[in-house]
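One structure below.
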Amino acid sequence: MADIQEQLAALTRGTTDVIPAHGLEAKLRRSADTGKPLVVKLGLDPTAPDIHLGSAVVLRKLRTFQDLGHQVVVIIGDFTAMIGDPTGKSETRKPLSRDEIADNARTYAEQYCRILDADRTQVRFNSEWLGAMDFGEVIHLASRMTVAHVMGRDDFANRWRDGQSIGLHELLYPLCQAYDSVVIGADVEMGGTDQLFNIMAGRTLQGQWGQDPQIGMFMPLLVGTDGTQKMSKSLGNYVGITEPPDAMYGKILSISDELMRSYFELATSVPMQEVEGLLAQAESGALNPKDIKRRLAREIVAIYHGDAAAAAADAEFERVHARGDIPSDMPEIPLPDHIVKDGRVWSCRLLVGIGLASGTGEARRLIQQGGVSIDGVRINSPDAELEADALHGAIIKVGARRFLRIL
RNA sequence: GCCGGGUUACCCGAGUGGCCAAAGGGGGCUGACUGUAAAUCAGCUGCGGAACGCUUCGGUGGUUCGAAUCCAUCACCCGGCACCA
């Protein structure tokens with residue numbers, strides 16, 4: 001096993017906080033001494049998973065633990081989902097059906113395997129123990145934490161101050177999550193910075209159970225491709241880890257320059273010393289930022305699709321965007337009969353017919369703005385009529401990057 | 001249950017009788033430039049073979065020559081009060 005200091009460096013890379021600061025080192029040392037792997041916990045909602053580079057940040061960190069020989073326990077919060085983490089904004093969620101939970105669990109497994117080492121990953125549902133408790137046990141559990149403590153959580157405190165309602169059951173949420181840590185005997189719990197209170201509650205509860213309290217490790221939220229908000233599926237600013245190599249490569253290349261450092265740090269394993277070196281060269285003008293971003297894109301694509309796919313995506317980019325060639329591969333579609341009239345096709349109807357415009361109005365606009373060309377020749381009038389025969393085998397280009405070949 | 005505020009295009013939001021297919025911003029799209037699909041600048045962004053033609057401003061029905069704008073009613077959201085404890 002690697003030297004403790006090296007392990008620490010790898011594990012704390014990109015973290016915003018490790019609490020308590022030196023606790024992790026002590027845990028690692030003890031694990032090395034006893035040969036007993038650390039139990040590293042991550043809690044997840046049983047809602048439909050959308051694994052993108054942002055959610056992958058925490059998973060990759062877990063993978064680092066696994067590579068160092070530690071055990072990961074993923075807790076699917078199927079029971080706590082009935083409460084819903086009380087942000088004060090979201091309504092109490094409907095309990096998911098057994099089938100839905102099973103479905104989601106399967107999807108998780110498929111996607112998580114792309115990052116985690118399945119052999120060192122254990123998946124547990126917290127309904128297993130939380131659902132089995134009787135009321136007396138619940139009361140006993142609740143007696144382990146004080147109202148003053150729970151009310152210390154920011155959102156509770158704010159809602160109380162503002163006179164908003166707080167469901168009694170909501171107060172139990174941190175307790176449930178904390179109890180999960182007790183049940184699995186967590187040494188480390190990973191989470192976003194919004195998990196601070198819940199993870200700390202785990203430490204409190206574990207202490208009362210006579211366990212060595214877990215270390216809380218917090219990761220920042222990856223900024224999405226829009227450059228301002230956190231990456232999330234609902235905001236549409238995400239790069240999915242199952243996206244095809246070319247799409248992934250393109251999206252990463254389009255992030256703004258300022259995001260490069262955090263993407264390198266959180267989404268790749270390139271040594272930070274090297275990253276800083278590259279960025280310094282860009283700063284001084286010795287290196288074109290574009291080339292650093294291409295390196296970033298290659299690194300990330302390689303993680304999810306392998307080196308060969310990354311190299312291919314890079315070459316394809318060079319061909320299409322740097323040299324202006326047509327892509328090596330593009331969708332093909334037969335010329336729909338119904339748009340041909342007397343052997344001729346109205347250009348706007350063609351775009352609609354092959355799905356490159358949603359209506360003739362949009363098609364007209366695209367052509368007027370000079371965004372449409374056929375076999376490299378720009379169409380300059382929305383009234384243009386085209387010979388149907390000449391269209392077979394033609395390549396239609398709309399905008400900078402939408403290509404389509406007509407059969 | 002009562003009183004008040006609200007519901008406008010993909011999102012936010014202006015508009016209180018005609019000049020409104022509806023300001024502005026965001027997002028999206030196209031072009032120029034470039035280092036890339038970054039940044040910047042410009043244009044477009046309801047539908048429509050395009051004609052000041054058609055359909056839009058929560059739903060329905062009215063008033064009016066004319067309604068996003070006024071009235072009635074219904075639905076939902078947000079405040080305050082009441083009822084119930």
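Note on naming: letters A, B, ... go to the chains in the order of the sequence lines (proteins, then strands), and numbering restarts at 1 for each one.
- Nucleotides B:U45 and B:C10, compared at atom C1', are 11 Å apart to the nearest Å.
- Taking every heavy atom of residues 369-379 of chain A and every atom of RNA chain B, pairs under 4.0 Å involve A:Q369, A:G370, A:G371, A:R378, by number.
- In a base pair of the Watson-Crick type (N1 to N3 plus N6-O4 or O6-N4) or a G-U wobble (N1-O2 and O6-N3), with each distance short of 3.5 Å, B:G1 is matched with B:C81.
- One can place NZ of A:K397 at 12 Å from C1' of B:G31, the figure rounded to the nearest angstrom.
- The ring pair (Phe, Tyr, Trp, His ring centres under 6.0 Å) test applied to A:H140 returns no partner, not counting sequence neighbours.
- Pair check for B:A75 finds B:U7; Watson-Crick or G-U wobble, both atom distances under 3.5 Å.
- Comparing B:G4 with B:C54, their C1' atoms are spaced 39 Å from each other, to the whole Å.
- Judged as a salt bridge (Lys or Arg N to Asp or Glu O under 4.0 Å), not a single pair has a partner in residues 9-18 of chain A (not counting sequence neighbours).
- Distance noted for atom C1' between B:A67 and B:U30: 36 Å (whole Å).
- Classified by interplanar angle (parallel below 30°, tilted 30° to 60°, perpendicular above 60°), the ring pair A:H52/A:Y238 is tilted.
- The partner of B:G49 cannot be assigned: no Watson-Crick or G-U wobble pair with both contacts below 3.5 Å exists in any strand.
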Pick out the pairs of N or O atoms, protein on one side and nucleotides 35-39 of chain B on the other, that lie under 3.5 Å.
{"from": "B:G35", "atom 1": "O4'", "to": "A:N288", "atom 2": "ND2", "distance (Å)": "2.8"}
{"from": "B:G35", "atom 1": "N1", "to": "A:D257", "atom 2": "OD2", "distance (Å)": "3.0"}
{"from": "B:G35", "atom 1": "N2", "to": "A:D257", "atom 2": "OD1", "distance (Å)": "2.9"}
{"from": "B:G35", "atom 1": "N2", "to": "A:D257", "atom 2": "OD2", "distance (Å)": "3.0"}
{"from": "B:U36", "atom 1": "OP1", "to": "A:K290", "atom 2": "NZ", "distance (Å)": "2.4"}
{"from": "B:U36", "atom 1": "O2", "to": "A:L253", "atom 2": "O", "distance (Å)": "2.4"}
{"from": "B:U36", "atom 1": "N3", "to": "A:L253", "atom 2": "O", "distance (Å)": "3.2"}
{"from": "B:U36", "atom 1": "N3", "to": "A:K293", "atom 2": "NZ", "distance (Å)": "3.1"}
{"from": "B:U36", "atom 1": "O4", "to": "A:D257", "atom 2": "OD1", "distance (Å)": "2.8"}
{"from": "B:U36", "atom 1": "O4", "to": "A:K293", "atom 2": "NZ", "distance (Å)": "2.6"}
{"from": "B:A37", "atom 1": "N7", "to": "A:H321", "atom 2": "NE2", "distance (Å)": "3.1"}

Distances for protein N or O near nucleotides 46-50 of chain B N or O, under 3.5 Å:
{"from": "B:G48", "atom 1": "OP2", "to": "A:T360", "atom 2": "N", "distance (Å)": "3.4"}
{"from": "B:G48", "atom 1": "OP2", "to": "A:G361", "atom 2": "N", "distance (Å)": "3.1"}
{"from": "B:G49", "atom 1": "OP1", "to": "A:R349", "atom 2": "NH2", "distance (Å)": "3.3"}
{"from": "B:G49", "atom 1": "OP2", "to": "A:T360", "atom 2": "OG1", "distance (Å)": "2.3"}
{"from": "B:G49", "atom 1": "N1", "to": "A:E385", "atom 2": "OE2", "distance (Å)": "3.2"}
{"from": "B:G49", "atom 1": "N2", "to": "A:E385", "atom 2": "OE2", "distance (Å)": "3.1"}
{"from": "B:A50", "atom 1": "N6", "to": "A:R364", "atom 2": "NE", "distance (Å)": "3.2"}
{"from": "B:A50", "atom 1": "N1", "to": "A:R364", "atom 2": "NE", "distance (Å)": "3.3"}

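- Taking the C1' atom of each, B:U16 and B:C70 are spaced 9 Å apart, rounded to whole Å.
- Between B:U7 and B:G15, the distance separating the two P atoms is 10 Å to the nearest Å.
- A:D337 CG: 12 or fewer foreign heavy atoms inside a 6.0 Å radius.
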Enumerate, atom names and distances included, each donor-acceptor pair closer than 3.5 Å involving a side-chain atom of residues 350-369 of chain A, sequence neighbours excluded.
{"from": "A:S358", "atom 1": "OG", "to": "A:E362", "atom 2": "OE1", "distance (Å)": "2.6"}
{"from": "A:E362", "atom 1": "OE1", "to": "A:S358", "atom 2": "N", "distance (Å)": "3.0"}

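- Listed by first and then second residue, the salt bridge (Lys or Arg N to Asp or Glu O under 4.0 Å) pairs involving residues 367-393 of chain A are A:R344-A:E387 (not counting sequence neighbours).
- In this entry B:U34 has no Watson-Crick or G-U wobble partner, no candidate having both defining distances under 3.5 Å.
- Taking every heavy atom of residues 301-313 of chain A and every atom of RNA chain B, no pair lies under 4.0 Å.
- Residue pairs meeting the salt bridge (Lys or Arg N to Asp or Glu O under 4.0 Å) criterion with at least one member in residues 258-273 of chain A, sequence neighbours excluded, are A:R261-A:E276.
- A distance of about 13 Å separates the P atoms of B:C41 and B:G25, rounded to the whole Å.
- Side-chain N/O atoms of A:T121 and A:Q66 include a donor and acceptor closer than 3.5 Å.
- Between the C1' atoms of B:A68 and B:U56, the separation comes to 10 Å (whole Å).
- Residue pairs meeting the salt bridge (Lys or Arg N to Asp or Glu O under 4.0 Å) criterion with at least one partner in residues 390-407 of chain A, sequence neighbours excluded, are A:E332-A:R405.
- A donor-acceptor pair under 3.5 Å is absent between the side-chain atoms of A:Q122 and the main chain of A:Q71, judged by distance alone.
- In terms of the side-chain contact (heavy atoms from CB on, under 4.5 Å) criterion, residue partners of A:E128 (sequence neighbours excluded) are, by chain and number, A:R124.
- Atom CD of A:Q5 is separated from atom CG of A:L28 by 9.5 Å, given to the nearest 0.5 angstrom.
- Spacing between B:C47 and B:A22 at atom P, rounded to whole Å, works out to 14 Å.
- Sorted by first and then second residue, the ring-ring contact (aromatic ring centres under 6.0 Å, His included) pairs involving residues 245-265 of chain A (not counting sequence neighbours) are A:Y249-A:F317.
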Exercise. Would you check, one step at a time, whether the test salt bridge (Lys or Arg N to Asp or Glu O under 4.0 Å) holds for A:D67 with A:R63?
Key: CA-CA 6 Å; A:D67 291 342; A:R63 177 60 194 245; 2.8 Å; yes

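- Using the Watson-Crick or G-U wobble rule with both distances under 3.5 Å, B:U56 pairs with nothing in any strand shown.
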